[in-house]
Amino acid sequence: MKARCSPYKKMQGYGILKHMEVSFEGGGAVLKGMSCFEPRHIFDNGQTFRFDEVEEGVFEGVAHGRFLRVTKKGNRITLYPCGAEEYEQVWKRYFDLETDYGMLFCDCGDEALEKGRQYGCGLRLLNQPPFETLVSFIVSANNNLKRIKGIIRRICERCGRPFVFEGKTYYAFPEADKLAALSVEALKECGSGYRAPYIKETARMVAGGFDLEGLRAKSYGDAKKELMELPGVGPKVADCILLFSLGFRDAFPADVWIKRVLKEHYGFAGNDRQVYAFARKRFGKYAGIAQQYLFFWQRDKDRNDGEKNTI
DNA sequence: GCCCAGGATCACC
DNA sequence: GGTGATCCTGGG
């Protein structure tokens, strides 16, 4: 069992990205020498629900209360609008741009993971605002991508701060107190169904002082336990919040897709606790990134087989 | 009209 | 501690 660790020696290559250059032109940030940045793999893997591909290679969405357009042409990635200050303060961290994903799990000797890694090349873990991530993944429970996106869009339109960019109106994700002030009925009208009271109560608790940011300083186990005290947050949703917004790269969301991978390719089946223990042992402290590669690979594989659109 | 997918919760063992 | 029914709704 111990030999499991050896294929992952090269994880030490996971570190600061040295070869990327950033320049600022035409109101945007241009990233060059960035081999690991594939917008489709970043935005279409179920970690965020607010970006859409508006034309080939062009993604638009709202994050941190701002509009952002991400364009990939060849090896040139543009973030727009984005000045030097905004890059430093917002997007560099959002896209985890100081991290080198290239070496992670490289030649790991794990066939499924190697496949996922090649297939999902350019995938990055976002660092999203915790409250938005929390509510989004409460909505995601027992739900599919298309519906989740619609529900979140309507919630933002209902009580998020509106702003205009290039003549179009967009909506920031609402603050906790704004969301807590909505009635359960209004939340249901957004399409959230039986999750409406969970959303309202969770928003109320966050507005009332539940310290999401403070979870960063805690251990994985403690942070997860605390998150699960919020209504609508079970083990899987808690792991998503930890992985996608609070920097816990060892969090391993045990959804149906990853369970399928573990069964088909690792011959493993178990409850959520056992899944996490297996993942931590097998993939180490970046298990969450392995989860993303495997998830993305399996989902597209199944999608192509059966034309499914669930997350 | 019927059935299914998807995760959290609750009652029950 | 584990199991199974229930919640909601778009889509087949």
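FYI, side chains are in, hydrogens and waters are out, and symmetry mates aren't considered; it's all heavy atoms of this structure. The chains referred to below are lettered A, B, ... by the order of the sequence lines, with proteins before strands, and numbering in each begins at 1.
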K.L.:
Over how many whole Å does the gap from A:Phe295 atom CZ to B:dG6 atom C1' extend?
P.N.:
11 Å
K.L.:
Can you tell me the distance, in whole Å, between the NZ atom of A:Lys259 and the P atom of B:dG7?
P.N.:
7 Å
K.L.:
Taking only side-chain N and O atoms of A:Asn271, does any of them lie within less than 4.0 angstrom of OP1 or OP2 on C:dG2?
P.N.:
yes
K.L.:
In whole angstrom, give the distance that lies between atom CD of A:Gln274 and atom C1' of C:dG2.
P.N.:
11 Å
K.L.:
Between A:Asp239 (CG) and B:dG6 (P), how many Å, whole number?
P.N.:
18 Å
K.L.:
Using a 4.0 Å cut-off on protein heavy atoms (strictly under), produce a 5'-to-3' string for nucleotides 4-10 of chain C with B for base contact, S for backbone-only sugar-phosphate contact, and - for none.
P.N.:
---BBBS
K.L.:
For A:Glu229 and B:dT9, give me the distance from atom CD to atom C1', rounded to whole Å.
P.N.:
16 Å
K.L.:
B:dA8 P sits how many Å from A:Met228 CE, rounded?
P.N.:
8 Å
K.L.:
Could you list the residues that satisfy salt bridge (charged side-chain N to carboxylate O under 4.0 Å, His left out) with A:Glu56, not counting sequence neighbours?
P.N.:
none
K.L.:
Rounding to a whole Å, what distance do you find between A:Arg273:CZ and C:dT3:P?
P.N.:
15 Å
K.L.:
Are A:Phe295 and A:Phe252 near enough that their ring centres are under 6.0 Å apart?
P.N.:
no
K.L.:
Establish, yes or no, whether a centroid distance under 6.0 Å links the rings of A:Phe283 and A:Tyr266.
P.N.:
yes
K.L.:
I need the single residue from A:His64, A:Lys92, A:Arg66 that forms a side-chain hydrogen bond (donor to acceptor under 3.5 Å, both in side chains) with A:Glu86. Which is it?
P.N.:
A:Arg66
K.L.:
Round to a whole Å and report the spacing from CH2 of A:Trp257 to P of B:dG7.
P.N.:
10 Å
K.L.:
Do the charged groups of A:Glu201 and A:Arg204 touch, with an N to O distance under 4.0 Å?
P.N.:
yes
K.L.:
Are any of the side-chain nitrogens in A:Arg117 or A:Asp107 under 4.0 Å away from the carboxylate oxygens of its partner?
P.N.:
no
